[in-house]
*Asks:* 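Below is one structure. I have some questions about it.
Keep in mind that the numbers below use all heavy atoms, side chains included, and drop hydrogens, waters and symmetry copies.
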Amino acid sequence: MKRMIVFLLSFVMLFGFTACGDPVNSADTDSKTNNIDGYSTLYGFETDKRDFNEIRIRNGYFGDISYNFDLQYVKSGSSSIKMRPLGSVNTLTRPYAYFPLQSTYLGFDYGNIEQVTEIAFEIYNVQSESKNCYVGMVFTGKENYVQELETFSISSGWNSVNYKVNREILSIGYDLTKCYAVAVGFDRCDNLELETSIDVAPIFYMDNFKIKTTSDVFNFESPIYLDEYEVCDFEKAYQQFAFFANGNGLRDFGVVKASDYGIAATSGSNVLRVELAAVDNTETSGLTLIEPMKELINFKQYEGSEEDYVFCMDVYQNCDLQLMFEFYFGYLGYLDWAGVTTKPYQWVTARIPFTSIKNFLNYPRLFRIFVVNKNVEGAEYFIDNLRIEKVR
């Protein structure tokens with residue numbers, strides 16, 4: 001069997017929609033020149049600056065990234081980077097490389113993206129067929145989840161990728177002043193096994209990683225509003241951003257129309273669809289409610305009247321794999337726990353009395369929904385109508 005090869009970035013210490021855009025710069029533009037057409041170069045991948053050293057990969061499961069000096073694969077200057085995304089059987093579908101928006105070494109700081117409008121780079125697809133390239137933003141403390149993801153279909157040869165930073169959408173769940181990096185990902189190699197050689201990975205080359213800013217002041221007006229006793233029923237447009245992912249075990253999740261999947265929603269017409277990935281069966285993965293929604297719900301207002309209220313959520317198991325959905329109310333010493341076991345092809349309702357989550361009501365920190373994964377790919381569940389019910 002081939003020996004498993006997981007390549008870390010050379011010289012780097014590991015850090016613990018479909019379209020091809022217009023060209024950003026001409027082919028002979030020097031990668032070290034800033035402010036061309038409003039863009040500034042963050043990473044030109046030239047050896048004199050050693051900016052290659054700033055790239056990060058998630059948990060070492062990207063594949064291989066190295067310098068390239070073959071001018072056929074250099075857009076400008078004398079070098080670029082060669083990317084061979086492999087992925088791992090223990091990670092999400094897409095292996096990502098992270099390009100930090102702040103660097104003391106290189107002397108830039110764009111961690112506040114309130115005035116960042118675009119990210120652009122050149123990428124060369126060596127393969128004869130088109131491939132997917134995924135670009136999104138990563139916020140501090142959430143490196144396992146790429147937000148506001150856009151898919152670019154890159155054809156054989158050079159492609160210019162131009163990613164528009166949707167500050168209006170990102171502001172719903174994230175603090176724009178604390179953006180960590182831009183994530184660039186690819187599809188995981190098909191039929192990936194535990195012992196897989198990097199030789200099977202596709203090859204891409206990247207050059208001229210740029211950022212564009214504006215002097216316009218960004219004013220954000222929150223679209224979040226809730227009906228009485230509502231937590232989230234996925235009917236309001238902003239609620240597609242109500243949760244972010246934790247752990248490796250969520251292959252995919254998003255708000256969908258229930259009828260498209262042959263089921264009836266318990267409230268309205270939309271539900272949250274969750275598809276699991278095959279990971280170690282001791283690993284927990286799940287969803288965390290975004291902070292602005294949790295603050296608007298104001299769980300603390302129910303302190304002292306716990307006997308009058310119950311938290312409820314509906315779960316539909318659309319597969320044969322029965323799981324327990326666990327609820328983590330709070331954090332560390334203020335943690336309360338509850339759970340509900342799913343049933344095949346039917347809705348079940350979790351009913352959690354507020355009398356059992358008094359610690360959380362006193363100190364309402366994180367609110368998470370977790371599952372302990374099984375080594376099964378593609379198990380599907382739907383969530384609907386998170387709510388507070390008054391029982392007396």
*Asks:* Can you tell me which residue pairs pass the salt bridge (Lys or Arg N to Asp or Glu O under 4.0 Å) test with a partner in residues 307-327, sequence neighbours excluded?
*Replies:*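 Non-adjacent pairs meeting salt bridge (Lys or Arg N to Asp or Glu O under 4.0 Å): E307-R392, D308-R392, D314-R387.
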*Asks:* Which other residues end up in the same hydrophobic cluster as V310, if Ile, Leu, Val, Met, Phe, Trp and Tyr are linked when side-chain heavy atoms come under 4.5 Å apart?
*Replies:*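 ILVMFWY cluster around V310 also holds V391.
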*Asks:* Using a 4.5 Å cut-off on heavy atoms from C-beta on, say whether the side chain of S40 contacts that of T213.
*Replies:*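 They are not in side-chain contact.
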*Asks:* Checking S78 against E46: is there a side-chain donor and acceptor pair closer than 3.5 Å?
*Replies:*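 Yes - a donor-acceptor pair under 3.5 Å links their side chains.
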*Asks:* Going by salt bridge (Lys or Arg N to Asp or Glu O under 4.0 Å), name the residues that satisfy it together with R365, two or more places apart in sequence or in a different chain.
*Replies:*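 With sequence neighbours excluded, R365 shows a salt bridge (Lys or Arg N to Asp or Glu O under 4.0 Å) to no residue whatsoever.
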*Asks:* When rounded to the nearest 0.5 angstrom, what distance separates CZ in F45 from OH in Y67?
*Replies:*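 The OH atom of Y67 is 8.5 Å from CZ of F45, to the nearest 0.5 Å.
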*Asks:* In terms of hydrophobic clustering (I, L, V, M, F, W, Y; side-chain heavy atoms under 4.5 Å; direct or indirect links), are F253 and I263 co-clustered?
*Replies:*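 Shared cluster, no.
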*Asks:* Not counting sequence neighbours, which residues clear salt bridge (Lys or Arg N to Asp or Glu O under 4.0 Å) with E221? List them please.
*Replies:*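 E221 satisfies salt bridge (Lys or Arg N to Asp or Glu O under 4.0 Å) with no residue once adjacent residues are dropped.
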*Asks:* Would you mind writing out the side-chain donor-acceptor pairs for residues 102-110 within the sub-3.5 Å range, not counting sequence neighbours?
*Replies:*
residue	atom	partner	partner atom	Å
Q102	NE2	Y180	O	3.0
S103	OG	E54	OE1	2.8
S103	OG	Y105	N	3.4
S103	OG	L106	N	2.9
Y105	OH	K49	O	2.8
D109	OD1	G111	N	3.0

*Asks:* Please name all residues satisfying side chain to side chain donor-acceptor pair (under 3.5 Å) with K294, sequence neighbours left out, ordered by chain then number.
*Replies:*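 For K294 the side chain to side chain donor-acceptor pair (under 3.5 Å) partners, ignoring immediate neighbours, are E291.
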*Asks:* Considering residues at least two apart in sequence or located in another chain, which fulfil the side chain to side chain donor-acceptor pair (under 3.5 Å) criterion with K358?
*Replies:*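 K358: no side chain to side chain donor-acceptor pair (under 3.5 Å) contacts found.
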*Asks:* Quick one: list whatever passes side chain to side chain donor-acceptor pair (under 3.5 Å) with K164, sequence neighbours left out.
*Replies:*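 Once residues adjacent in sequence are excluded, the partners of K164 under the side chain to side chain donor-acceptor pair (under 3.5 Å) criterion are E118.
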*Asks:* To the nearest 0.5 Å, how far apart are CG in D336 and CG in N359?
*Replies:*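 The distance works out to 4.5 Å.
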*Asks:* Can you name the residues that form a salt bridge (Lys or Arg N to Asp or Glu O under 4.0 Å) with D70, not counting sequence neighbours?
*Replies:*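 D70 satisfies salt bridge (Lys or Arg N to Asp or Glu O under 4.0 Å) with no residue once adjacent residues are dropped.
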*Asks:* Determine, using the 4.5 Å side-chain heavy-atom cutoff (strictly less than), whether W347 and V371 are members of one ILVMFWY cluster.
*Replies:*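 Different clusters.
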*Asks:* Among side-chain atoms of D384 and T266, is any donor-acceptor pair under 3.5 angstrom?
*Replies:*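 A donor-acceptor contact under 3.5 Å links the two side chains.
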*Asks:* Test of understanding: with side chain to side chain donor-acceptor pair (under 3.5 Å), list the residues that count as partners of S222, not counting sequence neighbours.
*Replies:*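 With sequence neighbours excluded, S222 shows a side chain to side chain donor-acceptor pair (under 3.5 Å) to no residue whatsoever.
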*Asks:* Other than Y205, what residues sit in its cluster of Ile, Leu, Val, Met, Phe, Trp and Tyr side chains whose heavy atoms are under 4.5 Å apart, directly or through others?
*Replies:*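 Hydrophobic cluster check, Y205: joined to Y73, Y124, V126, W158, I203.
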*Asks:* Using the six-membered ring of Y229, assess whether NZ or CZ of K390 lies under 6.0 Å from its centre and within 45 degrees of the ring axis.
*Replies:*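 The answer is no; the distance or angle limit is not met.
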*Asks:* Listed by chain and number, what are the salt bridge (Lys or Arg N to Asp or Glu O under 4.0 Å) partners of E275, not counting sequence neighbours?
*Replies:*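 For E275 the salt bridge (Lys or Arg N to Asp or Glu O under 4.0 Å) partners, ignoring immediate neighbours, are R273.
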